[in-house]
**Student:** 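Encoded as structure tokens, here's the structure I'll be asking about.
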Amino acid sequence: MSERQRASQPVPSERQRASQPVPSERQRASQTGSSEHRDAWEPLLAGLERRREQARRMGGPEKLDKVRRSGRLDARARIAALLDVGSFTELGLLAGDADTPADAFVAGSGTIDGRPVLVGSEDFTVAGGSIGVAAASKRARLAELARRELCPLVLFLEGAGHRATNQLHPHRPAPNDLQALVELSGLVPTVAIVTGPSAGHGALAAPLSDLTVMVRGDASLFTAGPPLVKAALGETVTKEQLGGVDVHAGASGLAQLVVDDQAQAVAVVRRWLGHLPSNAWQRPPVQAGAPGRRLLEGILDVVPPNDRQPYDMRLVLADLVDADSLLELSPDYGRSLITAVGRIQGEPVAIVANQPSVLAGAIDVAAAEKGARFVEHVTAFHLPLLQLADNPGVLAGSVSERAGILRSAARFFAAQHRTTVPKIHVTLRKAFGFGSSVMGQNAYGGQTVSLAFPGATLGGIPAAVGGATSGADEQTKQALVANEAAGPWRLASSATYDDVIDPRELRNAVIDALRLARGRQAEPVAPVAHVGGLP
């Protein structure tokens, strides 16, 4: 404003000046010093932004371009793909130094379908994804937050284990993430997604998690990598031979799911978490408006009445559950037993079912170990347990005995017996000996409902074999065979089975059982407390 303009402005009267509000001391300081303070902030803010940019650059443009040209996702892109768009808040961005951005471990929180989760991703483009001192603290911090804030924890594994140079930097003893993962078990869902080679300390997060997903062609897990194996044992072996998908999805059973790429990995983890509550103090989320009762018209075309004829139990399960809700775990390990989650009328359920197309459904060591682990982990989050029995018993023979079938089957039996969730048992065609027990057929096993199909047969062992091995006379042998052939009617007459149902009524019968168990929802839920270990 010019001198002339100011002179032409009316001068306020004394009354007008008195009526104007008097600025406070804080306002006067803000008005007189704002420019000065802003200028003082500029170098601090510039330094912060410079450090953030350095921390976010990961392994640099060249290494990141190499990752992207291969069709894979870098550490930050994996997290972005897993979480709801724009929900990621980073933790420990400035950890490490300029040579190791974010100390090779990107970590933070976000949401999946609107629910909070914690996530960490090893960055192979920085120091081979190895775990430095700062990254070790970030990993422990993530697990600690998962316990405190009661939300799931997801880890992307692709790293070389502890960084060798850690030994040159003294640091105080502190809790580590593996200890915390053990303590998280049964409290919040934990997931390990293996996107590349993972060795040593990092790899141990996989067996300590509820769910392990491996990416075919890229992922491998081992206590020590090929160079260390060569140096220590003189054994020359590739990463895939040492700990690839075929090893851990099949032979060891460590990995529950194998996918073709990282996009599929994050999609299946989102599906898996969608079946579970965020923690053991909540109930599983139910989808409103899901389809309800219907007859399974196709089941009579799938399941032959003759219990010596095989069929694929997966076809029964796919028809039984809500459309596209079935997620099978560990399909290549313990293949005579199916373990899966799915929804029935929108309610998540855990499913354990014999697979008659493999070993006639007999339960071998791998199947028993798989079943026990699955029941323990999934029912900890209060999913009802559906047990579909169709087996000739646990696998007999010297090889099976040497492998430990008695101990493994006992472990499976104990796991399913002591779970406190609603249990629904159905004998489809047969359940002999301990094979019926591990599948929850025994009376007083905590079942909400126990059902059978017409023609279902039970017994300690098949009647013909039992009569022959016991040295029974001909009349007794015939009586044993006739009793077996009589189906489930004798057990139904004694109320051992609550009902014998038309196979087409299976879905409706399960819906009725889940409705019966709904009264439990009035009770508060909490983590499962067990006294004593499994066999």
Side-chain angles (χ1 to χ4, degrees), residues 293-321 336-338 351-363 367 386-396 423-443 445 447-468 472 476-513:
R293 304 172 71 85
R294 58 180 166 82
L295 294 177
L296 307 184
E297 294 292 352
I299 196 171
L300 300 184
D301 299 318
V302 173
V303 182
N306 182 350
D307 64 20
R308 292 181 178 273
Q309 288 184 261
Y311 66 93
D312 189 349
M313 180 67 82
R314 291 188 182 94
L315 299 177
V316 175
L317 299 182
D319 197 17
L320 170 64
V321 302
S336 65
L337 187 79
I338 295 173
I351 303 168
V352 174
N354 299 128
Q355 174 57 293
S357 67
V358 179
L359 297 175
I363 300 167
L386 174 60
Q387 299 165 294
L388 303 179
D390 195 340
N391 72 73
V394 299
L395 188 65
K423 292 199 293 186
I424 304 164
H425 170 88
V426 185
T427 304
L428 275 68
R429 301 188 307 176
K430 61 185 182 298
F432 288 107
F434 202 40
S436 64
S437 300
V438 298
M439 295 300 294
Q441 189 276 329
N442 294 162
Q447 301 94 332
T448 296
V449 172
S450 188
L451 306 169
F453 285 1
T457 55
L458 300 109
I461 55 177
V465 177
T476 302
K477 290 179 184 178
Q478 291 178 4
L480 289 169
V481 172
N483 180 69
E484 180 183 283
W489 312 116
R490 181 175 56 83
L491 291 180
S493 69
S494 65
T496 300
Y497 282 124
D498 295 304
D499 199 6
V500 178
I501 63 170
D502 182 327
R504 292 170 293 187
E505 297 172 345
L506 177 60
R507 177 179 167 90
N508 294 341
V510 174
I511 288 174
D512 290 341

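All residue numbers refer to positions in the sequence shown, counting from 1.
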**Student:** So which heavy atom on P310 is nearest to which on P356, and how close?
**Tutor:**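 Looks like CB-O, 3.6 Å.
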
**Student:** With side chains defined as the heavy atoms from C-beta onward, is the minimum distance between L386 and L320 less than 4.5 Å?
**Tutor:**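 Of all side-chain heavy-atom pairs linking L320 with L386, at least one is under 4.5 Å.
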
**Student:** Regarding D512 and R293, does a basic nitrogen lie under 4.0 Å from an acidic carboxylate oxygen?
**Tutor:** yes

**Student:** Is a donor on one side and an acceptor on the other found under 3.5 Å between the side chain of T427 and the backbone of A389?
**Tutor:**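 Answer holds: no.
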
**Student:** Quick one: does any side-chain atom of Q447 pair with a main-chain N or O of G440 as donor and acceptor, under 3.5 Å?
**Tutor:**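 Flag set: sc Q447 to bb G440 pair under 3.5 Å.
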
**Student:** For I501, what residues pass the side-chain contact (heavy atoms from CB on, under 4.5 Å) criterion, not counting sequence neighbours?
**Tutor:** L451, F453, D499, E505, L506, A509

**Student:** Could you pull out the closest heavy-atom pair between N391 and S436, with the gap in Å?
**Tutor:**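 Distance-wise, the nearest heavy atoms are OD1-N, 4.4 Å.
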
**Student:** To the nearest 0.5 Å, what is the distance between OG (S336) and CE (M313)?
**Tutor:**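 Rounded to the nearest 0.5 Å, the OG-CE separation comes to 11.5 Å.
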
**Student:** L296 and side-chain contact (heavy atoms from CB on, under 4.5 Å): which single residue from N508, V302, D319, V303 fits?
**Tutor:**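 In the set N508, V302, D319, V303, the residue that makes a side-chain contact (heavy atoms from CB on, under 4.5 Å) with L296 is D319.
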
**Student:** Passes side chain to side chain contact (heavy atoms under 4.5 Å, CB included), V316 versus Y311? Steps please.
**Tutor:** CA-CA 9 Å; V316 175; Y311 66 93; 4.1 Å; yes

**Student:** Provide the closest heavy-atom pair for A456 versus L428 in the form atom of the first, atom of the second, distance.
**Tutor:**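 Minimum heavy-atom contact is CB-O, 4.2 Å.
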
**Student:** Listing request: all salt bridge (Lys or Arg N to Asp or Glu O under 4.0 Å) pairs with a residue in residues 426-436, at least two apart in sequence or in separate chains.
**Tutor:**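 Residue pairs with at least one partner in residues 426-436: D390-R429, D390-K430.
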
**Student:** Please name the pair of heavy atoms, one in L388 and one in M439, separated by the smallest distance, quoted to 0.1 Å.
**Tutor:** O-CE, 3.3 Å

**Student:** Using the test salt bridge (Lys or Arg N to Asp or Glu O under 4.0 Å), find all partners of D502 that sit at least two apart in sequence or belong to another chain.
**Tutor:**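 Once residues adjacent in sequence are excluded, the partners of D502 under the salt bridge (Lys or Arg N to Asp or Glu O under 4.0 Å) criterion are R504.
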
**Student:** What's the spacing between Q387 CD and K423 NZ if we round to 0.5 Å?
**Tutor:** 5.5 Å

**Student:** Would you give the length of the straight line joining atom CD1 of I351 to atom CD1 of I338, rounded to the nearest 0.5 angstrom?
**Tutor:** 9.0 Å

**Student:** Where do H425 and Y497 come nearest, in terms of heavy atoms and distance?
**Tutor:** CD2-CE2, 4.2 Å

**Student:** Just by distance, no angles: are the side chains of S437 and N442 close enough, under 3.5 Å, to form a donor-acceptor pair?
**Tutor:** yes

**Student:** Between Q355 and D312, which heavy-atom pair has the shortest distance, and what is it?
**Tutor:** NE2-OD1, 2.9 Å

**Student:** Do V352 and L337 pass the side chain to side chain contact (heavy atoms under 4.5 Å, CB included) test, and can you show the C-alpha distance, the side-chain angles, and the key distance before you say yes or no?
**Tutor:** CA-CA 7 Å; V352 174; L337 187 79; 3.7 Å; yes

